[in-house]
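Heads up: the structure comes next, in structure tokens.
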Number of protein chains: 2
Amino acid sequence: MSEQARQLCELKAEIFAAAGHPIRMAIIEFLRDGEKCVCQIAAYIGAERSNVSRHLAVMLQAGLVKHEKQGLKMIYSLTTPCILGFLECVTSVLRQRAEETRAVLENL
Amino acid sequence: MSEQARQLCELKAEIFAAAGHPIRMAIIEFLRDGEKCVCQIAAYIGAERSNVSRHLAVMLQAGLVKHEKQGLKMIYSLTTPCILGFLECVTSVLRQRAEETRAVLENL
DNA sequence: TTACTATATGAGTATATTGTAACATAATCA
DNA sequence: TGATTATGTTACAATATACTCATATAGTAA
């Protein structure tokens, strides 16, 4: 495995990890509706603003979201629409798992 | 935010997190070629077998891979092809980031 | 048995997450 | 103007989780 491939894996893993937390996943889902400020996100999720702000910083660093200041508020939005394609895939994985589980249960 | 939505976010996040580690990302890339045993994966990545085995267990739990015993060896393979669609999206995110960085540097 | 393969476990280290509080900035109001 | 409020980020400390390595265990094949 080449050093370059290793570094590429680190970058890709960083992006996945940036979505790999319940709160951050909830943020992504919430931002599907459109751009939101930190306080809206925190209210929706029911978490501390400081905590949400830190999670957003992780996502910003990974390139999952972008932000823009509007007066008092910092508005966050998703960067790339293909992130939503991610989610459909994940949902299909979950659906598949659910069906497998059901199949197992039916054979009891 | 409903309790059900919260649980769904946890499940989705678990899947992303299962891909959100350099070694696990390297495993996914390696398994694109087809099914492999633990020893092949460990050799390719250059990590301890026990460590690779543990990471595979994480991916198994999340449903990213499946495994099947063949004689001495445990053969792992990717479960859903759409995971590879993930990767193209991630690559596009990285490409976009790279171009933004280049644009910034050109304006120095 | 012996060699090989994979997983489980324990210990130590490192990283992530969280709440609280302090701070910075921008808008609002007296 | 100065004081106050709203919003977001950051620092600190505590806790929890993840990661890695070394070793032990278990199963399989020759």
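Quick note on labels: first sequence line is chain A, next is B, and so on, each numbered from 1.
- If you measure from atom CG of Leu56(A) to atom C1' of dT9(D), you get 11 Å, rounded to the nearest angstrom.
- One can place CG of Leu72(A) at 5 Å from C1' of dT7(D), the figure rounded to the nearest angstrom.
- Remark: Gln4(B) CD is loosely packed, at most 12 non-hydrogen atoms of other residues, nucleotides or ligands lying under 6.0 Å away.
- Between His21(B) and dT15(C), a side-chain N or O to OP1/OP2 separation shorter than 4.0 Å is absent.
- Distance, Ile75(B) CD1 to dC4(C) P: 18 Å, rounded to whole Å.
- Taking every side-chain heavy atom of Tyr76(B) into account, dT7(C) is the closest of dT20(D), dT7(C), dA6(C).
- You won't find any donor-acceptor pair under 3.5 Å spanning the side chain of Arg49(B) and the base of dT7(C), going by distance alone.
- In this structure, His55(B) reaches the dT20(D) phosphate: one of its side-chain N or O atoms is under 4.0 Å from OP1 or OP2.
- Put simply, the side chain of Glu68(B) does not reach to within 4.5 Å of the side chain of Met74(B), judged on heavy atoms.
- In this model, a side-chain donor or acceptor of Arg54(A) finds a partner on the base of dG19(C) within 3.5 Å.
- Side-chain proximity of Val38(A) to dG27(D), dG8(D), dA22(D): nearest is dG8(D).
- Remark: Asn51(A) is in phosphate contact with dG19(C), judged by side-chain N or O atoms under 4.0 Å from OP1 or OP2.
- A straight line from NZ of Lys36(B) to P of dA6(C) spans 13 Å, rounded to a whole angstrom.
- Annotation: side chain of Ile15(B) is not in contact with side chain of Leu11(B) (no heavy-atom distance under 4.5 Å).
- Mapping Ser50(B) and Gly71(A) onto DNA chain C via the closest heavy atom, the residue that lands nearer the 5' end is Ser50(B).
- One atom, CD1 of Ile27(A), and another, C1' of dG8(D), lie 14 Å apart when rounded to the nearest Å.
- Using a distance-only test at 3.5 Å, with no hydrogens or angles considered, a donor-acceptor pair links the side chain of Arg24(A) to the main chain of Ala17(A).
- If you check dT20(C), dG8(D), dT20(D) against the side chain of Glu48(A), the one that comes closest is dT20(C).
- In this structure, Lys36(B) forms a cation-pi arrangement with Phe30(B), its terminal cationic atom sitting closer than 6.0 Å to the ring centre and no more than 45° off the ring axis.
- dG8(D) atom C1' lies 10 Å from atom NE2 of His67(A), rounded to whole Å.
- Comparing Met74(B) and Gln70(A) by the nucleotide of DNA chain C whose heavy atom lies nearest to each, the residue mapping closer to the 5' end is Met74(B).
- Here dT15(C) presents its P atom at 14 Å from CD of Glu14(A), a figure rounded to the nearest Å.
- Rounded to whole Å, the distance from CE on Met59(A) to P on dG8(D) is 15 Å.
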